[in-house]
Structures are given as structure tokens and as C-alpha cells.
> 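My questions will all concern the structure given below.
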Amino acid sequence: MRATLSTVVVVVLFPFLLASQNPASEPVVPASTYLGRYHEVMKLGSAIGQVADVDHLVLNRDAGQLSLEHGRLYLIGPIAGRSVGAVFQGQGRFTFTPALAVEQAELQRFAGSPALNDVFSEAILLFADSTAAQLRALTFRPAVAPGDVADHIHDILNSLEEDKEGSLRSDIIGPLLNGEDTGFFFARLERASGGPVLFEINPDDIEAVQLFRPVPHRQWGSNWAVVAQFPPQQPRPGTGGSHSLRHRLSVPSYRMNIRLTPTSGADLDFAATATLALKAEEPIGPWLLFALHPKLEVDSARWGTGEHALVFKAKDGGDVWVRGVRRLQTGDSLTLTLFYHGDHGSLIDRYGDWFFINPSAAWYPINGQGRNFATFDLTYASPNWYPLASVGERTDSTVTGKVLATRWVTQRPTPFATFNLGLFENYHTQLPGAPPLDVLISEGAHRALAREFLSQGVMIPQQKNMKENVAADVANSLKLFTHLFGECFYPHFYVAEIPYTEGVSFPGMIDLSWVTFQTTTLDGFQEAFRAHEVAHQWWGNGVHPGSYRDAWLSEGLAEFSALWYLQSARKRNDEYFKFLDKYKADIKIDKDETGPIWIGQRTASAKVPLGYQIMIYEKGAWVFQMLRILMLDLRTMQEDRFIQTMRDYYEQYRGKPTSTEDFQRVVEEHVGIPMDWFFDEWVKGTAIPTYHVAWTSQAGDGGKYAVRFRVTQEHVPADFRMPVLVSVDLGGNRIAHFRVDVRGDQKEYTSPLLPGEPKALTFNDLNGVLADVKMERW
Ligand SMILES: [Zn+2]
């Protein structure tokens with residue numbers, strides 16, 4: 001009765017409120033300008049006019065359930081006539097059970113339990129899904145919200161934006177810009193204990209179901225970090241491939257003009273025109289999202305029809321929003337041209353004679369609503385005294401006055417493109433059985449560096465044959481990997497020196513740190529570093545990891561290939577095992593803090609800043625080492641099966657994205673048994689066994705012997721299993737090899753009969769398992 005009465009009062013006194021703030025499900029009108037909508041969103045805290053009493057309202061959102069048991073719910077909005085959020089204050093309960101075991105384990109690390117079942121006192125909701133319709137069941141009355149409600153909305157929105165006007169997380173602003181019912185749902189929950197969490201259904205991502213925890217912005221560069229994420233129970237369109245973003249928009253090709261103009265200070269200004277072909281894979285827009293380096297500024301944009309395109313990029317923000325003339329329908333194709341620039345020091349840094357084009361920077365507009373995979377037709381106008389290298393094949397090169405114009409065309413779609421230039425000398429070389437190689441090096445910069453140090457009284461050791469040394473490792477590893485894995489995609493290679501400490505690999509082009517040219521050390525590290533970047537031509541550029549979960553198939557495999565290069569081409573068996581030992585030590589220290597390989601970049605944290613390096617590169621390399629030894633033919637000690645597996649994997653997935661499941665399937669084809677136990681343990685798990693091993697031998701018939709083992713397994717789950725390679729010295733240069741399939745806490749095992757008496761024994765020979773072995777008396 002009271003509810004009806006108050007409704008009547010509302011109609012009489014606040015007719016405009018009801019008209020404008022009905023939690024109805026009409027689509028929101030797309031924003032006409034970005035900043036207009038952005039300011040509406042940021043002011044949502046002061047847009048509260050109605051409240052309803054709530055008694056047991058349940059919101060089921062995939063793996064999460066919010067039960068609003070008892071309290072008040074304030075509507076937030078409207079934006080373009082519709083409520084886009086609500087704040088509940090009272091007593092509620094949140095349950096959340098991740099669908100994947102690996103994500104349950106992540107939740108366990110965060111909350112001490114594989115599922116959440118928490119009481120909360122406040123829920124701030126934002127939505128572009130059925131929530132508005134569901135709230136219509138409530139009876140609203142006008143209300144002035146308590147001050148803390150407005151403050152809390154303000155706080156959460158502020159925690160999701162950067163400090164520059166217009167910067168707001170694309171998952172939040174996107175649905176509000178486009179007025180789409182996307183299925184977006186967001187809840188900030190103030191839990192009674194354990195601190196707040198964000199629960200989100202983000203339909204832009206394939207792994208749409210997400211739980212976040214608060215983290216210090218200073219350390220993380222963001223206020224919220226993912227605790228768990230996974231695909232929804234009901235798969236949505238565009239989620240079939242193995243990548244991270246739901247594939248809603250394709251950008252199949254880029255045609256670009258890039259102008260690099262010297263400034264009076266001998267720096268370079270950057271300006272570019274990028275024409276993107278766009279194809280809608282589903283209805284999308286009218287606002288379309290791209291990524292572009294924060295320091296680049298967009299001057300204007302134009303559609304293929306010649307019409308001006310509305311574009312917004314916040315200062316120092318990485319998102320570019322472009323408004324289409326209308327919402328695109330499935331199959332619509334169009335072209336968009338963006339004109340943009342970056343003054344010197346923004347995209348291109350200079351250090352001495354070196355220029356640095358940040359290799360990981362988005363120097364062209366990158367698709368933010370689907371997979372990156374495009375052909376590039378790139379024309380550069382640059383000072384003719386700087387040699388320039390780019391991805392693609394050079395199809396044209398002319399000099400007009402002081403301007404060098406070169407055109408480069410990629411032969412096949414690629415997820416990455418880059419270029420580099422500098423005061424380079426060009427060192428050309430080619431090994432039989434390897435593609436031609438041009439090394440672009442700035443020896444003058446090294447000389448200047450040596451002079452600078454000398455002037456401070458410091459003598460720095462400097463490699464004498466810089467270009468020859470680097471070229472030798474690059475050419476030799478190109479040759480080895482071609483031999484091992486198969487023909488590389490790219491007929492020609494550039495190596496360009498960069499003035500930072502990293503290396504980055506692009507199709508047919510490798511940026512290598514100046515350090516690797518300069519150094520005189522010979523411990524294998526630099527050789528492995530060069531070979532790692534070369535291996536990316538197969539793993540990363542040739543076969544590319546689909547989503548962040550599969551990064552180890554690029555980095556771990558490149559790292560493993562580099563160690564293989566040390567062992568094989570450089571014949572440094574000791575270096576191969578030395579690096580594996582070092583990696584093992586790193587992994588053991590940090591495994592409990594980082595989580596498994598399969599959570600990709602989520603392994604890095606403020607606590608373990610090197611988590612990604614350790615898990616994806618180092619443990620990733622170990623996974624391949626273990627497969628290598630597992631596939632070893634113990635009769636011949638040949639590794640044909642492993643090599644064939646890698647060749648086959650490359651052959652099947654070259655030019656395509658690939659997932660951990662794809663790789664597992666190829667391994668299974670070659671070993672002939674299901675391998676989920678192996679990938680669960682080593683890629684999706686973090687346990688590292690310690691084996692306590694005691695053994696004795698017993699004589700059998702005809703001078704034969706058997707070895708009896710008692711193996712106790714520590715630090716792993718009860719069902720952990722792993723075949724361990726054992727080598728037995730029978731004297732007289734006779735070595736016997738067999739595997740012990742270790743399972744369970746403590747078990748005894750008996751070897752096959754051996755043709756002699758064991759003199760000594762190596763358990764876990766060839767470091768076949770990432771494990772510790774403690775030998776004990778029988
Ligand atoms: Zn790498």
C-alpha cells in the first residue's frame with residue numbers, strides 16, 4: 001500500500017523524474033560527442049533521484065550471484081533517458097565460483113578459498129544488460145541520496161579513469177558511448193571483511209567474467225588488478241578464435257605514409273597518415289575503439305567517403321575513439337584515415353647516434369575491438385643520411401634532394417609492424433642454408449660512448465668485432481632453427497641496434513640492444529639473447545600466441561630455442577644446463593607468489609616484478625626441456641620425436657594464432673597418449689616436486705640385476721605424476737636408461753632387468769624434470 005501511495009505522490013510531484021528516470025530497457029542513444037558523454041558519466045554521482053526498498057533481489061551474472069537481501073537501492077542516471085547504474089546499501093551476499101580450476105587456485109591465493117561467499121554492505125552497479133529491466137520490479141520513490149552514496153560513485157569512477165580529462169576505461173565508457181545492450185555488468189562490492197572487490201562481465205573480452213582486487217596505483221599503474229577471469233558459460237559471437245578480445249571488428253590492412261623530419265636539434269619529428277580497412281564482424285559502433293601511443297596526437301580523421309570523422313583521444317591516453325556516421329552492420333566494409341603526429345622525443349628518442357623507436361609502442365592505430373592481424377603497405381619519407389629498415393619487402397626506394405622515400409609491403413598478415421633508422425653502417429652477410437642478413441650498427445655511437453667514459457676516467461671494455469660477432473649468432477641461429485623447425489617465413493633479415501637494454505623481434509626484423517654489440521662477456525648470456533630474438537621469427541612472428549595465456553608458446557619457446565642454440569650450434573652443453581639450473585632457482589623462490597604459466601602477464605606483480613620473466617620465459621623454457629627428455633628414445637638416445645613435434649607444430653600453425661590446447665594436441669599426436677596431466681601440472685599448476693630417493697640392486701637370473709627404488713614425493717598434490725629418467729652405470733662403459741613413473745607420496749618401484757650390476761645411478765638424469773632430488777640410504 002505504501003509503495004503505491006508513494007508512486008502516486010511521485011507522479012503528482014515529480015512527473016519529469018518518472019519520465020526521465022525509468023529503469024527501462026530502451027537503448028541509450030549513442031553519444032554525439034565523446035566528452036559530452038564522458039562528463040555525463042563522471043557526474044553520475046549527483047544524478048540520483050529515486051530509491052526503492054529491496055527485499056531479496058537476486059542478480060545472477062554467470063559465475064557470480066548478488067543477493068540484495070535487505071536495504072535500499074538508489075538508481076543512477078539517467079543517461080540519454082535510461083538508468084545505467086544503481087547503488088545498493090544494506091545487507092547483501094556475493095557468491096562467486098570460477099569455472100576454471102586454475103582460476104579457483106588464483107582465488108585461493110587471494111582469498112584463501114577457491115570460491116567467494118561474502119556478506120557485503122554496499123554494491124555500486126553499472127550496467128548495459130538486463131539489470132535495468134530487472135529493477136523495474138521494484139517500486140521507486142523520489143529521494144535525495146545520502147552524501148556518501150554520491151561520494152562512493154564518484155570514488156569508484158575516479159579509480160577507473162586516468163587523471164586526464166576524457167580518460168576512462170574503455171569497458172566502462174564503451175557501452176555508454178554506443179548505447180548498446182552489450183551484456184556489460186559491473187559491481188563494486190564493499191565486503192564485510194577482506195576489502196572491496198570488483199565483479200565484472202566485460203563482453204569486450206573473450207574471458208568476460210572478471211574479478212578484481214584493489215592495488216596501489218603507484219606500484220601497479222592501475223587501481224585494480226585481476227584476481228580471476230574466464231569465459232562465460234554461454235559463449236558469445238566472436239569468441240571462437242584464440243585471442244583476448246572478442247572479434248567484433250577486423251582491420252585486414254593498413255596503408256601508411258610516415259614522415260620523419262629532422263628538427264633543428266637533430267631529433268626527428270614523426271607524422272603519419274594511416275588508412276585502415278575496416279570490416280564489421282557483427283553490429284558495432286558507431287563509436288569504434290583503437291589504441292595509439294599516449295604521446296601521439298590525432299589531428300583529424302576521415303572516412304573513405306571523404307566525410308570528416310569525429311575522433312577523441314585524451315591527452316596522454318592510449319585509447320582513440322572514432323565515431324562512425326552510423327552503427328555498422330555485419331559485413332559492412334569501409335576505410336578510415338587517421339592523420340596524427342608526435343613531436344620529437346614522444347615516439348622517437350635519440351641517444352647519441354642512435355634513434356630509439358619504442359618497439360612496443362602503438363605507433364599506428366591498433367584494433368581495440370578484435371584481433372590484430374593485417375597486411376602493411378608502408379611508405380616512409382626520411383632523411384637520406386639515415387639508413388631505414390622496416391617490416392615487409394622493400395619495393396621502392398628513391399632519393400629526392402635530402403629525402404629518402406622507401407616503400408615496404410608485407411607479404412602476409414602480421415600482428416606486428418615496426419621500423420628503425422639511425423646513423424647506421426650496414427653490414428651484409430649470408431650463410432649457406434640461411435637467409436641474407438643486414439646488420440645496422442652505429443659504431444660511431446660506440447666510439448662516442450667510449451670517449452665519454454674515458455673523459456670521466458673510466459675505461460669500458462668494448463668488443464672489437466661487434467657486427468661480426470652479432471651477425472654470427474644471428475646467422476647461425478637462423479640456420480639452426482631453419483634446420484630444426486622448418487623454413488622461416490621471411491626471405492630477408494634486418495638486425496638494427498637500439499639504445500636500450502632489450503631485444504624485440506618483428507617479422508624479418510630484429511631490434512637488439514647496443515649492449516649485445518658492445519659486450520665482451522662470453523658466458524653464453526649474450527649469445528642466448530641474440531638467438532632468443534631470432535627464434536621469435538618462428539615462435540611469436542611465425543606462430544603467434546593467441547591470448548595472454550599462450551604467451552609461453554612465444555617467450556618460453558624462444559628462450560628454450562636459444563638454450564638449444566647454445567647446446568647445439570655452439571656446442572656448449574654446460575651452458576644449456578647452467579641456465580636451466582639458474583631458472584630453476586628463480587622459479588622455486590617465486591612460484592607461490594606468481595601463479596602458473598597459464599595466467600600469462602598476470603604472473604607479474606608488485607611483489608614479484610619479474611614474475612612474467614620467471615614464469616613465462618624461464619619456466620616456459622623448462623616445459624620444453626621436460627617434453628624433450630620425455631620424448632627421448634631411450635634405446636638410441638635420439639630426439640627425432642621431439643624435433644618432429646616442433647616441426648609439425650610450426651607447420652600446422654605458421655601464420656596463425658595458436659593456443660596452449662593446440663600445442664597440447666600436437667604433442668599428443670606425437671606421443672600417442674593424452675597429455676592433459678602434463679599440461680595441468682606444469683603449465684596450469686605451480687607445484688615443483690622434491691624426490692627423496694633410496695635405491696638398492698638385487699641380482700636376478702643369468703647375471704642380470706634389477707634396481708629397487710623407494711621414492712618419496714614432496715611439495716606436490718597427491719595425484720602428481722611424472723616419468724623420471726634414470727641412468728645406471730653398469731661399468732665397462734655400459735649405461736642403461738629407463739624411466740620411473742613416479743606417483744603418490746611414497747612408493748617402491750622396480751626397474752627392468754639390467755645386463756650388469758649397477759655401480760652408480762643418476763635419478764632425474766639430463767634434468768628431465770623440474771625437480772629437486774635428494775638421494776638417501778636404502
Ligand atoms: Zn622474447
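Atom set for the values below is all heavy atoms of this structure, side chains included, hydrogens, waters and symmetry mates excluded. Read the numbers this way: they start at 1 and go in the same order the structure lists the ligands and their atoms.
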> I'd like to know if the side chain of His247 pairs up with that of Gln369 as donor and acceptor (distance under 3.5 Å, no hydrogens or angles considered).
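No, no side-chain donor-acceptor contact under 3.5 Å.
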> Will you find, in the side chains of Arg602 and Tyr548, an N or O donor that is under 3.5 Å from an N or O acceptor?
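Per modelled atom types, Arg602 and Tyr548 side chains form a pair under 3.5 Å.
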> Would you call the rings of Phe493 and Tyr490 parallel, tilted or perpendicular, taking 30° and 60° as the class edges?
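Answer is perpendicular, since the angle exceeds 60°.
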> Who pairs with Tyr649 by side-chain hydrogen bond (donor to acceptor under 3.5 Å, both in side chains), at least two apart in sequence or on another chain?
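For Tyr649, the residues satisfying side-chain hydrogen bond (donor to acceptor under 3.5 Å, both in side chains) (neighbours in sequence not counted) are Thr658.
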> Hey, are the side chains of Phe506 and Ile510 touching, using non-hydrogen atoms and a 4.5 Å cut-off?
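No, side chains not in contact.
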> Show all protein N/O/S atoms under 2.8 Å from the Zn ion (ligand 1), or state that there are none.
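For the Zn ion (ligand 1), the protein N, O and S atoms that sit under 2.8 Å away are His532 NE2, His536 NE2, Glu555 OE1.
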> Does the side chain of Asn767 pick up a donor-acceptor pair with the side chain of Gln625 at under 3.5 Å?
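Absent: no donor and acceptor within the cut-off.
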